[in-house]
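Data first, discussion second: the structure below is written as structure tokens.
Atoms within each ligand, like the ligands themselves, are counted from 1 in listed order. Just so it is clear, the structure is predicted and the values come from calculations on it, not from any experiment.
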Amino acid sequence: LFFTSTGRSCGHPQSNKQVSIMAKVAFIGLGNMGGPMAANLVKAGHDVTVFDLVAAAMDAVVAQGASKAATALEALAGADTVITMLPAGKHVAGLYLGDEGLVAKAADGTLFMDCSTIDADTARRVGEAAAARGLQMIDAPVSGGVKAAQAGTLAFMCGGSAEGFARGKLVLEGMGKNIFHAGDHGAGQIAKICNNMLLAVHMVGTAEALQLGANNGLDPKVLSEIMLNSSGKNWSLENYNPYPDVMPTAPASNDYQPGFMVQLMLKDLGLAMENSLVTQSSVPMGALARSLYASFSSKGNAQRDFSSILEMFQP
Ligand code: NAD
């Protein structure tokens with residue numbers, strides 16, 4: 001049917017991952033995230049054809065065994081699954097919609113998965129256009145960043161039908177480990193912006209609390225340990241301490257090399273704010289976090305790790 005069932009495991013010899021179903025995947029958008037994600041699908045035993053507007057972006061994946069297409073529509077030929085990893089909603093709408101778009105040109109039975117972080121409205125629009133053609137589409141934005149994309153440990157938050165999700169999960173398992181079904185079209189994007197808005201809020205809160213302690217002469221390591229064992233414990237404090245030299249593996253201890261860039265956090269907060277206007281939601285903490293990140297970004301910090309927001313609070 002849609003997948004070639006091999007009836008056997010077809011894991012790549014270099015990979016620990018084993019899949020019992022092989023998909024014929026068209027993967028479009030091979031940037032910082034899409035490149036390693038597509039490479040992991042090759043390693044997992046899928047038959048992958050790639051396309052990116054920037055020819056050089058395809059080289060690393062082709063070297064690992066993917067085929068190269070000259071256009072997005074050429075990549076589509078023979079594919080049962082299409083995955084896109086593009087910068088923003090306008091790129092996704094531009095590629096999928098219209099007479100020459102992927103939705104119009106794909107074969108019957110094609111499954112679309114858009115893993116880009118985009119506005120939920122565009123995700124719904126493209127999902128509904130696919131459904132009108134009888135095709136399954138899921139929005140499947142990721143949490144984890146480039147390291148997780150390389151390691152194949154991304155989390156996917158998916159929106160779309162239960163049937164589309166069940167099909168997509170088999171392929172997503174080649175690129176990640178926590179794969180959630182959040183609801184209908186667009187629900188994956190909503191889950192993503194809720195998560196990242198909360199991440200921004202607790203990162204800013206963690207940074208200001210640590211700096212307040214430091215301003216009073218406390219050792220940030222000691223204060224971190226106290227808060228980790230008290231009610232201030234949170235993910236940023238536990239895994240991504242923003243104060244330099246508290247946590248050797250955190251970007252703060254490596255001159256705030258990303259990690260997760262300020263400009264990407266600002267993009268996600270912008271999506272959250274746009275959605276709050278549409279849904280008339282009150283998001284005061286998210287709005288303040290967006291404003292702080294916008295100010296900080298404009299002062300030459302756009303490409304630093306998002307935990308560098310701590311410097312805003314330093315005397
Ligand atoms: P990127 O800019 O590195 O890559 C995007 C790629 O898409 C580029 O190679 C570009 O040439 C290609 N592209 C654009 N339009 C195209 C088209 N019409 N056809 C073919 N290729 C096209 O971006 P990235 O860092 O890989 O991020 C991709 C998405 O993942 C974004 O939506 C981002 O918000 C999200 N995301 C990124 C991270 C991260 O840490 N980088 C983490 C989570 C989510």
Provide, to 0.1 Å, the distance between atom 30 (O) of ligand 1 and the closest protein heavy atom, together with that atom's residue and name. Met85 CE, 3.1 Å
Per-atom filter on ligand 1: closer than 4.0 angstrom to a heavy atom of Val54 are 11 (O)
Going by the atom numbers of ligand 1, which of them fall below 4.0 Å from some non-hydrogen atom of Phe51? 19 (N), 20 (C)
Going by a strict under-4.0 Å cutoff (protein heavy atoms only), does atom 23 (O) of ligand 1 have a neighbour on the protein? no
State whether Glu225 and Lys221 are salt-bridged, where the test is any N-O pair (Lys NZ or Arg NE/NH1/NH2 against Asp/Glu carboxylate O) under 4.0 Å. no
To check your reading of the model: name the closest protein heavy atom to atom 27 (O) of ligand 1, its residue, and the distance in Å. Met33 CG, 3.9 Å
For ligand 1, which atoms have a heavy atom of Leu264 less than 4.0 angstrom away? 39 (C), 40 (O), 41 (N)
Where is the nearest protein heavy atom to atom 9 (O) of ligand 1: which residue, which atom, and how far? Asp52 OD2, 2.7 Å
Verify the distance criterion only: is there a donor paired with an acceptor across the side chains of Ser224 and Asn241 at less than 3.5 Å? yes
If we count only N and O atoms by modelled type, under 3.5 Å, do the side chains of Thr122 and Asp119 hold a donor and an acceptor together? yes
Assess, by modelled atom type and distance only, whether the side chains of Ser161 and Asp184 contain a donor and an acceptor separated by less than 3.5 Å. no
Is any side-chain heavy atom of Cys115 closer than 4.5 Å to a side-chain heavy atom of Ile83? yes
Minimum-distance protein heavy atom relative to atom 40 (O) of ligand 1: Gly145 CA, 3.5 Å
Show the atoms of ligand 1 that are less than 4.0 angstrom away from any heavy atom in Ile28. 19 (N), 20 (C)
State if Lys192 counts as touching ligand 1 under the rule of any non-hydrogen atom under 4.0 Å. yes
Considering only heavy atoms of Val142, which atoms of ligand 1 have at least one such atom less than 4.0 Å away? 43 (C), 44 (C)
Protein heavy-atom partner closest to atom 25 (O) of ligand 1 - residue, atom, separation in Å: Asn32 CB, 3.6 Å
Quick one: do Cys158 and Asp139 satisfy side chain to side chain contact (heavy atoms under 4.5 Å, CB included)? Show the steps, please. CA-CA 5 Å; Cys158 305; Asp139 45 294; over 6 Å; no
Among all protein heavy atoms, pick out the one at the shortest distance from atom 4 (O) of ligand 1; state its residue, atom name and that distance to 0.1 Å. Gly31 CA, 3.2 Å
Output yes when Arg133 and Asp108 qualify as a salt bridge under the 4.0 Å nitrogen-oxygen rule, no when they do not. yes
Classify the angle between the aromatic ring planes of Phe260 and Phe306 as parallel (below 30°), tilted (30 to 60°) or perpendicular (above 60°). perpendicular
Do Phe112 and Tyr96 have ring centroids that are under 6.0 Å from one another? yes
Atom 35 (C) of ligand 1 has as its nearest protein heavy atom Thr117 OG1, 3.6 Å
Can you tell me the protein heavy atom closest to atom 33 (C) of ligand 1 and the distance? Lys267 NZ, 3.7 Å
Kindly determine whether Asn234 and Glu238 satisfy side-chain hydrogen bond (donor to acceptor under 3.5 Å, both in side chains), including the steps that lead there. CA-CA 6 Å; Asn234 68 77; Glu238 193 170 13; over 6 Å; no
Of Leu30, Leu53, Leu86, which has the heavy atom at the shortest distance from atom 31 (C) of ligand 1? Leu86
Are more than 12 heavy atoms, taken from residues, nucleotides or ligands other than Met285, located less than 6.0 Å from that residue's CE atom? no
Using heavy atoms and a 4.0 Å limit, tell me yes or no: is Pro87 in contact with ligand 1? yes
